[in-house]
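Below is one structure, written out as structure tokens, with a few remarks after it.
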Amino acid sequence: MTRYDPSVIEPKWQAAWDADGTFAVERDSSRPKYYVLEMFPYPSGRIHIGHIRNYTMGDVIARYKMATGHNVLHPMGWDAFGMPAENAAMERGGHPSDWTYGNIADMRAQMKPIGLSIDWSREFATCDPEYYGQQQALFLDFLEKGLVYRKAAIVNWDPVDMTVLANEQVIDGKGWRSGAEVERRELTQWFFKISDFAEDLLTSLDALDDWPAKVRLMQENWIGRSRGIEIPFQRTDGAEPITCYSTRPDTLRGASFLAISPEHPVSRELAKDNPELADFISETRKMDTTEAAMELAEKKGIDTGLRVRHPVWPEQELPVWVGNFVLMDYGTGAVFGCPAHDQRDLDFARKYDLPIVSAFHMPGDESEIQDTALVPAKSETVVYTDHFAGLTETTGQAGIDATIDWIEAKNLGAGQVRYRLRDWGLSRQRYWGCPIPVVHCSTCGIVPEKKENLPVRLPYDEGGTPIDFSVPGNPLDRHPTWRNVPCPKCGQPALRETDTMDTFVDSSWYFARFTAPKATTPTSLPDVGYWMNVDQYIGGIEHAILHLLYSRFFARAMYLTGHLPNDSVEPFSALFTQGMVTHEIYLTRDSEGRPVYHFPEEVTDGRLEDGTEVEIIPSAKMSKSKKNVVDPARIIAEFGADTARWFVLSDSPPDRDVEWTASGAEAAFKHLGRVWNLCDRIGAMDPDGREEHPGEDTALLRAMHTCIHDVTMGIESFGFNAAIAKLYGFTANISKSKAGHAAQREAIMTLAQLMAPMTPHLAEDIWAHQGGKGLVINAPWPTADETMMKSDNVTLPIQVNGKRRSEVTVSKEASNADIEALVLQDDAVQRALQGGAPKKLIVVPGRIVNVVV
RNA sequence: GCCCGCGUGGUGGAAUUGGUAGACACAGGGGACUUAAAAUCCCUAGGCAAAGCGCCGUGCCGGUUCGAGUCCGGCCGCGGGCACCA
């Protein structure tokens with residue numbers, strides 16, 4: 001008898017898969033393809049247990065699909081550009097490139113022992129010039145097709161460090177390093193025209209059946225299609241009218257003021273000779289650029305003194321205010337305020353003493369608006385206060401549509417479909433990103449770099465001395481030679497664009513690049529045509545909107561520029577969003593009461609080594625700063641990869657968070673040891689044993705076919721935790737079975753096959769030990785024989801008035817009448833009936849019986 | 001603030017998608033083996049009550065239904081996203 005020792009078997013089988021070339025795939029039209037992809041990692045330096053969970057899920061799918069006869073592509077790469085590398089260079093010196101590639105090497109080394117079914121020959125990092133050069137080629141093609149343009153946009157500006165800040169770098173309105181109050185500043189920046197695709201991106205969501213409904217809903221709301229009205233308000237001074245956009249034109253009767261954005265042209269014009277207004281506008285510029293901050297900020301405004309006429313009742317004059325809550329990016333940058341039917345407008349009206357006019361009221365309730373605006377649900381019927389559009393009583397959307405029709409007929413305005421979705425600003429004023437391949441020439445203007453000059457490489461040094469990242473700002477701006485280049489068109493001295501691309505660009509097409517990572521064009525059509533779409537994409541819910549929407553846009557743009565065949569327009573056919581791995585947080589307090597965090601391995605039974613008791617904070621997302629992290633390398637060294645894999649798949653459903661507990665990992669290890677011992681015991685059985693055990697054999701094989709069925713369903717539906725629970729049960733069945741050697745051997749080999757996607761090394765070892773042919777990974781997936789699964793009798797629970805009182809066992813062929821007769825004889829039922837007849841008797845065949853008394 | 005989720009024993013969770021709530025596992029309790037411990041194996045286990053009957057129970061309040069963890073309405077709490085974090 002040997003002992004389960006993963007440190008021996010895991011390297012052995014990894015070498016066997018390598019020797020077999022199992023995971024290196026090529027196009028093969030004779031087999032159905034399957035492309036499984038997990039969102040690629042950012043190379044932070046360490047593999048996180050969450051990565052293991054994510055990649056193990058993908059690996060289960062990949063290995064299962066291999067077993068079911070698919071040609072499976074399962075690649076891995078690195079989302080390698082981004083701020084942390086630049087921050088590291090700022091703090092510790094060195095170069096972002098060295099930091100990044102060093103991290104990639106470390107992480108790859110940590111990933112290999114997990115035994116993932118990855119085709120490592122396709123690996124790349126987005127910071128490889130071979131990758132970002134192709135991305136630059138894509139950009140130029142997009143530019144030529146008019147899918148990219150420049151416009152002014154607002155950024156967070158740190159006036160001390162003289163640099164643009166990411167939202168994350170703005171803390172309470174101050175720059176994270178300088179502490180200076182952040183300002184909003186306008187810069188000319190590059191944009192992708194994603195808004196042109198709003199309708200298509202919206203309607204195509206319907207076809208994404210294998211995406212979680214919640215993600216589709218989030219995208220739908222993000223795109224935010226609305227039908228409203230664009231309506232001009234005439235100024236009393238006779239100047240150009242101010243046009244408002246509103247999705248609630250049915251409230252027009254209640255309009256009592258106009259609010260325009262501080263960035264609205266009218267605001268800017270008036271500010272020129274209105275110092276008070278100018279002050280107000282510059283004050284609003286100090287606000288954070290995030291929408292959340294804007295929404296939470298106090299709503300403030302200032303009266304411009306301008307007056308406009310109500311479009312329907314021109315004798316009514318409305319004041320024009322500048323409001324800090326009006327977004328220039330959405331609609332026209334001007335809205336009419338209707339305090340009676342909008343809470344924000346009501347708060348604003350009360351604050352500045354503006355009139356409150358009802359446009360409608362609820363039937364039978366004409367009371368004045370008090371503290372809460374009357375905002376009826378779209379399904380509710382309201383009674384209009386004025387019959388201006390011939391409306392009296394109607395419900396939400398119908399009233400809106402009727403109003404739009406009426407306004408259009410009177411030529412007062414135009415119905416408009418608008419989207420909340422804004423164009424995607426891709427410019428970043430940072431070094432560690434993909435350079436935007438254009439040149440600014442004083443004669444020719446914006447000139448695309450020639451494709452033969454791609455990639456436009458990031459400079460590593462400045463004439464021999466390494467680039468200095470300790471100086472704030474973008475090093476590309478001050479680079480002596482990189483920036484000054486001849487114009488590709490006229491050859492005169494010109495300046496290279498120093499903005500780099502948003503890292504979301506890198507991750508918006510990497511899935512296509514994996515299909516031909518060495519191609520000399522962004523994609524190779526035969527490869528991308530064969531492998532795309534990604535059949536199963538797996539990643540965090542935090543990417544539900546931006547990354548997934550940008551990728552969907554890119555697929556469309558790449559199709560238009562000839563880089564994807566038509567059928568690849570949706571990048572991800574199926575999506576699964578997995579949860580996080582969490583851990584308790586342990587802390588003690590220093591003399592001033594500040595928290596001091598401790599790593600889990602420093603804590604035993606709630607105490608530190610010196611006996612100090614620790615405070616325990618409930619499980620939260622693992623983070624370095626809270627020290628609630630578990631190093632996967634340690635787990636693998638102690639228990640092996642199969643245990644780590646088995647554990648992260650156990651217990652919690654994959655789309656929910658899972659808490660890492662040391663005891664859970666040990667339990668997983670113990671179970672795998674039991675399976676190992678079971679295999680050993682069956683191997684030692686006498687194959688020629690003569691005892692008779694047909695009943696035992698049948699029972700074991702029934703359990704086996706049920707398990708095949710349940711595990712297959714579990715894997716197909718991402719119910720890995722449930723599949724594992726069934727495997728526990730089946731293991732117990734084998735262990736307790738008195739069946740003969742042949743049946744037991746069949747059972748354990750099937751168990752190995754069913755476990756292979758989760759614990760591939762142990763499965764291979766059992767397979768080999770029991771004399772299985774070749775590798776278990778190449779063995780076809782077992783199929784459940786439905787006739788073997790069923791027993792002859794079925795036990796039905798009996799409910800009385802919906803509460804379980806008894807049960808009855810009947811033949812599976814029993815008719816409802818037979819069952820009813822049996823049920824009425826049941827003691828518990830008779831007690832409940834007290835001699836009477838039931839009011840109703842419901843028999844759900846194969847399920848349940850309910851007696852209503 | 002807006003959009004989207006989630007909430008079940010001491011703990012992680014299961015429940016064939018409206019049909020026996022608590023599968024499976026962890027921690028706990030009891031036992032076997034052992035000189036002893038570790039390892040392993042077996043039994044037990046929602047709460048109250050208790051000689052078998054019974055009552056309560058899926059965050060809270062209400063509704064639909066023969067039947068609700070599951071569907072509907074309203075709350076509370078937690079998490080994700082909010083366009084320059086990846």
Side-chain angles (χ1 to χ4, degrees), chain A residues 39 41-42 44 79 81-84 153 155-156 164-170 189 194 212-215 217-222 224 289-297 299 325 329 343-344 420-430 502-504 507 540-547 549-550 577 579-580 618-621 650-653 655-659 661-664 666-668 670-671 673-674 677 710 713 719 721-722 724-729 732 735 795-807 831 838-842 844 846-853:
Chain A
M39 291 178 186
Y42 178 79
S44 58
D79 189 14
F81 277 134
M83 287 200 302
V155 294
N156 299 307
V164 176
L165 297 178
N167 284 337
E168 190 189 50
Q169 298 171 313
V170 180
Q189 309 209 67
I194 188 171
K214 63 176 170 181
V215 175
L217 190 56
M218 280 191 259
Q219 292 217 350
E220 186 181 323
N221 291 335
W222 186 263
T289 55
T290 68
E291 200 178 303
M294 305 243 322
E295 289 281 348
L296 286 165
K299 308 295 178 285
F325 55 89
D329 292 330
Q343 191 59 48
R344 186 189 60 197
R420 209 184 70 97
L421 180 67
R422 307 200 295 257
D423 278 334
W424 169 14
L426 70 126
S427 289
R428 296 293 180 272
Q429 294 70 40
R430 277 188 271 280
D502 178 7
T503 55
F504 273 122
S507 55
I541 185 71
E542 68 273 18
H543 293 292
I545 296 171
L546 293 180
H547 163 59
L549 195 60
Y550 290 159
T577 54
M580 299 178 300
S619 253
K621 180 173 183 167
S650 302
D651 295 342
S652 275
D655 54 350
R656 253 201 260 177
D657 296 348
V658 64
E659 183 181 9
T661 58
S663 58
E666 267 167 44
K670 280 182 195 172
H671 178 73
R674 276 193 291 266
N677 293 339
D710 292 348
M713 297 303 287
N721 54 328
I724 281 181
K726 301 293 183 188
L727 288 166
Y728 270 103
S735 170
T795 299
L796 300 177
I798 301 174
Q799 292 184 333
V800 176
N801 289 338
K803 286 186 190 285
R804 185 184 181 282
R805 283 294 122 100
S806 185
E807 61 182 34
R831 214 179 304 133
K839 272 190 203 155
K840 217 175 192 181
L841 211 151
I842 294 151
V844 185
R847 276 287 160 75
I848 201 163
V849 181
N850 194 9
V851 185
V852 186
V853 294

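Model, not experiment: these values are computed from the prediction. Letters A, B, ... mirror the listed sequences (proteins, then strands); counts begin at 1.
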Considering the options A:D655, A:T577, A:L217, which one meets the side-chain contact (heavy atoms from CB on, under 4.5 Å) requirement together with A:P212? A:T577
C1' atom, B:G10 versus B:G5: distance in rounded Å? 27 Å
Say you pick atom P in B:G63 and the same atom in B:G12; how far apart are they, in whole Å? 31 Å
At 4.0 Å (heavy atoms only), tell me whether A:R430 reaches a base, stays on the sugar-phosphate, or touches nothing. base
In Watson-Crick or G-U wobble terms, with both distances under 3.5 Å, the base opposite B:C85 is none
Within the pair A:S652 and B:G13, is there a side-chain N or O less than 4.0 Å away from OP1 or OP2? yes
Tell me whether the side-chain N/O atoms of A:N721 come closer than 4.0 Å to OP1 or OP2 in B:A14. yes
On a whole-Å scale, what distance lies between the C1' atoms belonging to B:A14 and B:U20? 14 Å
Would you say a side-chain N or O of A:R428 is under 4.0 Å from OP1 or OP2 of B:C84? yes
Would you indicate what A:V155 reaches in the nucleic acid, counting non-hydrogen atoms under 4.0 angstrom: base, sugar-phosphate, or nothing? base
What distance, rounded to whole Å, do you find between the two C1' atoms, one in B:G9 and one in B:U58? 10 Å
May I ask you to say what A:G82 touches in the nucleic acid, namely base, sugar-phosphate or nothing, with a heavy-atom cut-off under 4.0 Å? sugar-phosphate
Of the listed nucleotides (B:A86, B:G19, B:C26), which one gets closest to any side-chain atom of A:I848? B:G19
Can you name the closest pair of heavy atoms from A:V155 and A:Q189 and give their distance? CG1-NE2, 3.1 Å
For a quick test of reading the model, state the closest non-hydrogen atom pair linking A:I545 to A:Q219 and the distance between them. O-NE2, 3.7 Å
Counting side-chain heavy atoms from C-beta on, which of B:C24, B:A86, B:G1 comes nearest to A:E295? B:G1
Pick the closest RNA chain B nucleotide for A:H543 and for A:S735 by heavy atoms, then say which residue is nearer the 5' end. A:S735
Describe the nucleic acid contact of A:W222 in one word from base, sugar-phosphate, nothing, applying a heavy-atom distance below 4.0 Å. base
Nearest-nucleotide check on RNA chain B, A:Y728 vs A:R805; residue mapping nearer the 5' end is A:Y728
Report yes if a donor N or O on one partner sits less than 3.5 Å from an acceptor N or O on the other, where the partners are the side chain of A:Q429 and the base of B:C84; otherwise report no. yes
B:G9: syn or anti, with syn meaning chi within 90° of zero? syn
Are OP1 or OP2 of B:A14 and a side-chain N or O of A:R656 less than 4.0 angstrom apart? yes
Is there a donor-acceptor contact under 3.5 Å from the side chain of A:R428 to the main chain of A:D502? no
Donor-acceptor pair, A:N721 side chain versus A:S650 backbone, under 3.5 Å? no
Any side-chain N or O of A:R420 below 4.0 angstrom from OP1/OP2 of B:C3? no
Using only modelled atom types and a 3.5 angstrom limit, is any donor from either the side chain of A:Q189 or the base of B:C84 paired with an acceptor on the other? yes
What integer number of Å spans the C1' atoms of B:G47 and B:G62? 25 Å
Nearest-angstrom distance, C1' atom, B:C61 to B:G13: 27 Å
Is a side-chain N or O of A:K840 found less than 3.5 angstrom from the main chain of A:P838, in a donor-acceptor match? no
Describe the nucleic acid contact of A:I842 in one word from base, sugar-phosphate, nothing, applying a heavy-atom distance below 4.0 Å. base
Whole-angstrom distance between B:C78 and B:C85, as gauged at atom P: 25 Å
Euclidean distance for C1', B:C60 against B:A49 (whole angstrom): 26 Å
Determine: side-chain N/O of A:K840 to OP1/OP2 of B:C66, distance under 4.0 Å, yes or no. yes
For a quick test of reading the model: is some side-chain N or O of A:R804 closer than 4.0 Å to OP1 or OP2 of B:C66? no
Between A:N221 and B:C4, is there a contact of a side-chain N or O with OP1 or OP2 at under 4.0 Å? yes
What contact category does A:P653 fall into here, base, sugar-phosphate, or nothing, at under 4.0 angstrom with non-hydrogen atoms? sugar-phosphate
